[in-house]
Amino acid sequence: MTRVTLHREETNGLQRIGWATASGAGLAFAALVSYELATRILTSAISSRDDQLLGGMWSVVATVFVCRESYQDSVRSALSRIAATSLSFILCLGYLLLFPFSSWGMTILIAIGAVILVIIGRPGEVITTSITTTVVMVVAGISPQHAWRQPILRLFDTLIGIAVGIAAAWIAKSLRNPNHFNESTLRTQETQWRIMKETL
C-alpha cells in the first residue's frame, strides 16, 4: 500500500468523523430548538404540563423525521409528513367531535387512513399516518376531557417540528458541501505527493 493511499484513507476517516460529529450535533441542536419552541409556545395556551411535554416530544419527532442527508430529501420528507398528519388530523378530529376514544374507533381510523392513501397512490404515507392516528387517539383516551383538541395540538406540534427541520436542512445546505470539499482536498494532496515524489 502506497504512502498516498494510506494518507488518503486517514484523511477520509478523519473527515468522516468530523462530518458525522457535526451532523449529530446539528440534529441534536435542531431537536432542542424544536422542543423548546413547542413547549414554550404551548405554555401560554395550555395549562396542562402533560400536554406541553407531549407537544415537545411530538415536535422533536417531526424534526428528526424531516432532517435528512440532503435538503431535497428533507423537503420531500416534510411534504410527506404534512400529508400524513393532515389526513390523520381530519380523521381523528371528525371522530373525536362525535365519539369518545375506543380501541375499535382507533382501529377503524387506521384502516380508513390506509385505504384512502392507497387509493390516491400515496402508500408511503400509510405508516406515518397510522402512527400519528394511534398517538392522537391514545392520548385522547388518556385525557378524555376536550379530547377533540388533541388532533389540533398534534398538527400544531408537527408544523413547528417540520419548520425547524427544514430550517436545519437549509442551514446545512448553505454550508460547504463536504463531499466536494473532500474530493478537492484529496486531489490537491495527491498532486502534492506526486510532485514530491518526482522531485525527490
Side-chain angles (χ1 to χ4, degrees), residues 26-68 73-118 120 122-171:
L27 179 61
F29 183 73
L32 175 63
V33 171
S34 183
Y35 181 85
E36 291 297 327
L37 279 176
T39 53
R40 291 180 187 277
I41 290 174
L42 289 173
T43 298
S44 60
I46 302 169
S47 58
S48 170
R49 177 67 174 165
D50 292 340
D51 277 333
Q52 294 169 18
L53 294 175
L54 180 61
M57 180 200 73
W58 202 239
S59 182
V60 170
V61 168
T63 297
V64 173
F65 182 87
V66 166
C67 286
R68 302 298 171 103
D73 287 341
S74 294
V75 171
R76 281 193 289 269
S77 298
L79 294 175
S80 172
R81 181 76 182 187
I82 290 173
T85 304
S86 297
L87 177 58
S88 177
F89 165 77
I90 293 170
L91 293 174
C92 293
L93 181 61
Y95 177 92
L96 293 172
L97 284 173
L98 300 173
F99 309 105
F101 165 81
S102 72
S103 58
W104 280 104
M106 178 185 68
T107 304
I108 291 170
L109 292 185
I110 291 173
I112 292 173
V115 169
I116 291 174
L117 289 169
V118 171
I120 65 175
R122 302 293 295 268
E125 272 83 51
V126 170
I127 294 176
T128 306
T129 301
S130 300
I131 291 173
T132 304
T133 299
T134 301
V135 171
V136 170
M137 291 296 289
V138 170
V139 172
I142 295 173
S143 304
Q145 291 185 342
H146 307 295
W148 58 269
R149 294 191 311 180
Q150 291 303 322
I152 300 173
L153 294 175
R154 300 299 74 85
L155 177 63
F156 184 68
D157 303 332
T158 299
L159 293 177
I160 292 177
I162 288 173
V164 173
I166 289 295
W170 183 84
I171 291 171

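Keep in mind that what you see is a predicted model, and the values were worked out from it rather than measured.
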Heavy-atom closest pair (Ala38 atom, Ile160 atom, distance to 0.1 Å) is CA-CD1, 4.0 Å
Sorted by chain and residue number, the side-chain contact (heavy atoms from CB on, under 4.5 Å) partners of Leu117 (sequence neighbours excluded) come out as Leu87, Ile120, Arg122, Glu125, Val126, Thr129
- prompt: Should Pro144 and Phe101 count as side-chain neighbours, where that means a heavy-atom distance under 4.5 Å?
  reply: no
Checklist entry - Within a strict 4.5 Å, meaning less than it, do heavy atoms of the Met57 and Val60 side chains meet? => result no
- Query: Just by modelled atom types, is the Ile110 backbone N or O under 3.5 Å from a matching donor or acceptor in the Ser130 side chain?
  - Reply: no
Output for pair (Ser143 OG, Gln150 CD), nearest 0.5 Å, gives 6.0 Å
Note: Ala78 and Ile162 closest approach over all heavy atoms is CB-CG2, 3.7 Å
Residues pairing under side chain to side chain donor-acceptor pair (under 3.5 Å) where one sits in residues 91-100, two or more places apart or in two chains, turn out to be Tyr95-Ser102
Between the CG atom in Leu153 and the CH2 atom in Trp148, the distance rounded to the nearest 0.5 Å is 8.5 Å
**Prompt:** What's the verdict on side-chain contact (heavy atoms from CB on, under 4.5 Å) for Thr85 and Arg154, showing C-alpha distance, side-chain angles and the deciding distance?
**Reply:** CA-CA 8 Å; Thr85 304; Arg154 300 299 74 85; 5.8 Å; no
Go through Leu91 and Met137 one step at a time and tell me if the side-chain contact (heavy atoms from CB on, under 4.5 Å) criterion holds. CA-CA 10 Å; Leu91 293 174; Met137 291 296 289; over 6 Å; no
Sorted by chain and residue number, the side-chain contact (heavy atoms from CB on, under 4.5 Å) partners of Leu53 (sequence neighbours excluded) come out as Tyr35, Arg49
Residue pairs meeting side chain to side chain donor-acceptor pair (under 3.5 Å), one or both in residues 131-141, sequence neighbours left out, come to Ser88-Thr133
Apply the test side-chain contact (heavy atoms from CB on, under 4.5 Å) to residues Phe156 and Ile152: give CA-CA distance (whole Å), side-chain angles for both, the deciding distance (0.1 Å), then the verdict.
CA-CA 6 Å; Phe156 184 68; Ile152 300 173; 5.7 Å; no
Closest non-hydrogen contact found for Thr158 with Ala62 is O-CB, 3.7 Å
For Pro123 and Val118, the nearest pair of non-hydrogen atoms, with its separation, is CB-CG2, 4.5 Å
Less than 4.5 Å apart, any side-chain heavy atom of Val61 and any of Arg81?
yes
Nearest heavy-atom contact between Ser34 and Gly161 is OG-CA, 3.5 Å
Val75 meets the side-chain contact (heavy atoms from CB on, under 4.5 Å) criterion, sequence neighbours left out, with Tyr71, Leu79, Ile166
Across all chains, not counting sequence neighbours, the side-chain contact (heavy atoms from CB on, under 4.5 Å) partners of Ala147 are Leu96, Ala140
Of all heavy-atom pairs linking Gln52 and Thr39, the shortest is O-CG2, 3.3 Å
